[in-house]
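All chains are named by letter (A, B, ...) in the order of the sequence lines, taking the proteins before the strands, and each is independently numbered beginning at 1. Atom set for the values below is all heavy atoms of this structure, side chains included, hydrogens, waters and symmetry mates excluded.
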Amino acid sequence: MEFDTIAAISTPLGEGAIAIVRLSGSNAISIANQIFHSPNGKNLFNQASHTIHYGHLVDSETDEIVEEVMLSLMKGPKTFTREDVVEINCHGGIVSVNRVLKLVLINGARLAEPGEFTKRAFLNGRIDLSQAEAVMDLIRAKTDKAMNVALGQMDGRLSRLIKTLRQALLETIAQVEVNIDYPEYDDVEEMTIPLMIKNGMWVKEEIEKLLVTSSQGKILREGLSTAIIGRPNVGKSSLLNSLIQENKAIVTDIAGTTRDIIEEYVNVRGVPLKLVDTAGIRETEDIVERIGVEKSRQVLKEADLILLVLNNAEKLTIEDRRLFEAIEGMDVIIIINKTDLPTQIELEEIKQLAGEKRIVTTSLLQEEGIDELEEAIASLFFEGTIESSDITYVSNARHISLLHLAKETITDAIEAAQTDVPVDMIQIDVTRTWEILGEIVGDTVEESLLDQLFSQFCLGK
Amino acid sequence: MPNFEAGKFDVIVVGAGHAGVEAALASAKIGAKTLVLTINLDMIAFMPCNPSIGGPAKGIVVREIDALGGAMGKVIDKTHIQMRMLNTAKGPAVRALRAQADKVLYQNEMKKLLEEQENLTIHQAVVEELLVEDEKIIGLVTQVGAIYRADAVVITTGTFLRGEIIIGDLKYSSGPNNQQPSIKLADSIRDLGFDLVRFKTGTPPRVNSKTVDYSKTEIQPGDDVPRAFSFETTEFIMDQLPCWLTYTSGETHQIINDNLHLSPMYSGMIKGTGPRYCPSIEDKIVRFSDKPRHQIFLEPEGRNTREVYVQGLSTSLPEHVQRQLLASIPGLENAEMMRAGYAIEYDAMVPTQLWPTLETKKIKNLYTAGQINGTSGYEEAAGQGLMAGINAGLRVLNKEEIVLSRSDAYIGVLIDDLVTKGTNEPYRLLTSRAEYRLLLRHDNADLRLLEKAYKIGLVSQARYEKFLEKKSRIEVELKRLRSLMIKPNEVTQALIRSVEGSELKDGIRAADLLKRTEMNYDLVAQLAPSEIELTIEEKEQIEIQVKYEGYIEKSLQQVEKLKKMEDKKIPDKIDYDAISGLATEARQKLKLVRPLSIAQATRISGVNPADVSILLIYIEQGKIAKITG
């Protein structure tokens, strides 16, 4: 058993005003201490067990305040796991709680596996067998599900990119290995240090780009940027309200820093949506009219998901057609609203304009069709495989922390290569990077190196 | 033919190839009365394929064998015609020694060692049947009806077990190099219920050197500094013979493509699985058709023979095609073929049927080692032979068996891979198979293993004391360098400038100065002279331990984690069917491999972390007794 320090969000996501990130393990206090700043400069190591402390979490890389928190300090063995435990109480809400989790992961905690706190409690003699058997079921169930989800939810582009990076690393590794294991074979090009540095730099840059996009919310973590568009009076505002009511808005009124667009967050069947320009919608003005064509195009382009609302009780207008043109090639769900009124709109025509895009009919006024809409949103991004919301965020936080690790190890490799460390040592960090990236895509089969070796090179007596 | 009682031994070793000789010597040395049986006494430690020992990973195995009191290193040190250190620029962990052997001298020297070993009887015989009682081996019967009784048996049949040689469309029952194969023993092993697989390997033709035009080839000399595998070797052979390098030509490739239909590999005649890392020339040309040429190394087979091994031309094409192939290679246009290349198919055990001690799970006190376990290579065979011999001997003497872990030795990696993962092709050690290879170095094999060998009597008191002295000198010197400050005075700066380093701004610890790439031990010792004069090996050891301290430390931390998992033992009587949470595939694999520790369980493919967690919970709970019912 490895008793490293583990962390997880231990409150259900999207519910409640407060969320808790729990840390357990021998480094729990030191990790918390690294990121926790109290107004009077408390050192957590000097505090009594089972005490609560007020302060801020600070990202030491950027010196930015991440969260305002209450922190419970509990020293083992009088804790649930019998290890040192720190519980960080932060604001309830996907964004804040995820930030906190990410921060502790970057600072040395490992994301807990499903049921791992309970498992530790058991292994440390805290709970009895019947409880333990329940834990085993949980481990079994959650692991299988987590694996499905991890694969299912993975953004196609992300997984493709990671696989490309891994392949590049694997080729580098294979070439070094072949130079080592078959030194006399001149037909294998020597993997030179400059070449290793070049390949390493490329991988590092790609990882950095990914990390940037991850903090911009492109990898689901902060929600799918979602734009509700449509002519005035088609029901955008009602749609917004019903999405928020149904799903409890988790964070409200976060002002955009550079533009006057208001965002709100909702959680639709595990899909976090960041609804953009909600103020514009509330004013029942069309986004295009309100912020101008260029800027609205920009907003639409940045959106991961577009909800286009049409009015069932009116024929299609020129503006509707313009909107159809503007969203060409994007992920769109078309909503035909106001089915409580007599139908004027021509369905065939819409189907033609929509092409492959999903069409949902609703009467937001009579609360009809909302389930179907939510279903459509969920299935668009998860192809219907997801049931609950928690794993989405956890997995994403996991990806991000792994990417950070991968960045560290490839940086070590590059630095080593630049300081004349022998290739065999550099290889250690290159291989580690390859393994870490493999954990993201769920692929760490070691045989693949040997396969690569023997398919890429002609070796033998 | 009537059977007769021929004697009683503690341990009998069947076969005297590279696995058999190490097994027999080890078993006898630790005090077990040992008999070694071989089909042909003139073939002891015969090298049926390439005349070389060592190379990456394999060379380190030879060092490990030596540190454990084995014979291979000492014998090759006395009988080689050339030695080279490989990978000198690629880092300390992958440096490896390789020797070209004088095949006949090697055999003679090894035979002499066996003959002189106390406690060891050598006899020529064909073993036909294993005698088993209550699932325990009790002896064996030979072709002439001799019954030998034994408490333990080690089987090292190499490629003899139901061996078949194939050249073109000719296929005949044979051991390597037309030796008598071992057929009835194969039946006996199968009848005992063991799973056998069919593997294939091959060897290239040999030519007469007086008919080779070396002017068309490139010379490949040995190193001109003294080298040795054994830590104890003090006399070095400096009179070396070179090897030669040439290449296949376009004509070679044409001949192969034209005659592919005659190749048993492609006609379907060969069904055994061959090794990917050791393909035949026809395989290379088919699979890598875009490569215009392949290297061919010409390696002398000894000092007293003209026979030359044509490395790179392993083939089972018919002999007339082999002749054409040779003639198409620059330097070999007029070469006389002395022996044709051939493929050989043989029976091998599915190695997951073995415990990590190399004892079979099915039959108590029966061990297998070497090629029969699905490996290839003299060194892999010798490493297993040594461990099987040690463990058979220890078993008979009622002592605790020895299992080397993946962090102890390449031999540990080899055996763990075999018994935990099995193999689909003849298994060769590669440095990339060792996750802790930075710790498993050529230079520190004695530091890793000698203590273990001494404890069971494989290493003499004198050698052990010498080793302790070396170890302590290294430790003392390391401690000194780590505490001693070097001042940035003119002498220091001048020395640093002379090797193009950047001058010191402040005082620095001697060890930190040594960490600089441009520095070595002798330079630092000029500034901080030591009172003790160290040997070259000791200096190298210090350099490596200081320069790569950070990486070594990281590896050691990983090993710590592994050790914790290895300490979590799984009771042998565990009933996996009674553990409800396990996935079906994991349950099947666990039942097959029966891992001894949680660490081993995690390495089985198809056993995922959730299964391991569940296993852990059961074991921690101490419920095993109850669920086995």
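A distance of 8.5 Å separates CD of A/Q427 from OG1 of B/T431, quoted to the nearest 0.5 Å. Between A/I426 atom CD1 and B/K90 atom NZ the span is 12.5 Å, to the nearest 0.5 Å. Atom OH in B/Y551 sits 7.0 Å away from atom CG in A/D412 (nearest 0.5 Å).
Counting non-hydrogen atoms of neighbouring residues, nucleotides and ligands closer than 6.0 angstrom, the NZ atom of B/K569 exceeds 12 such neighbours. Within a 6.0 Å radius of CG in B/N424, other residues, nucleotides and ligands contribute 12 heavy atoms or fewer.
Contacts of A/T431 with chain B are absent, with no heavy-atom separation under 4.5 Å from either backbone or side chain. The contact between A/I180 and chain B is made by backbone and side chain atoms together, counting heavy-atom distances below 4.5 Å. When heavy atoms are compared at a cutoff of 4.5 Å, B/R437 approaches chain A solely by way of its side chain, counted from C-beta outward. B/R95 does not touch chain A: none of its heavy atoms, backbone or side chain, sits under 4.5 Å away.
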- Task: Start with the C-alpha distance between B/L438 and A/I428, add both sets of side-chain angles, then the distance that settles side chain to side chain contact (heavy atoms under 4.5 Å, CB included), and finish with yes or no.
- Result: CA-CA 9 Å; B/L438 186 49; A/I428 293 174; 3.8 Å; yes
- Start with the C-alpha gap between A/Y182 and B/L86, add the side-chain angles, then the distance that decides, and say whether side chain to side chain contact (heavy atoms under 4.5 Å, CB included) holds. CA-CA 9 Å; A/Y182 296 87; B/L86 307 170; over 6 Å; no
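The closest donor-acceptor contact from the side chain of B/K547 to the backbone of A/V421 lies at 3.5 Å or more, if one exists at all.
No salt bridge links B/E435 with A/R432; every basic N to acidic carboxylate O contact stays at or beyond 4.0 Å. The pair B/K554-A/D429 meets the salt-bridge criterion, with a side-chain N (NZ, NE, NH1 or NH2) lying under 4.0 Å from an Asp/Glu carboxylate O.
Ranked by heavy-atom pairs under 4.5 Å with chain A, the first of B/N87, B/I296, B/D567 is B/N87.
Residue B/G91 comes nearest to A/P422 through the heavy atom pair CA-CB, 3.3 Å, listed as atom of the first residue, atom of the second, then distance.
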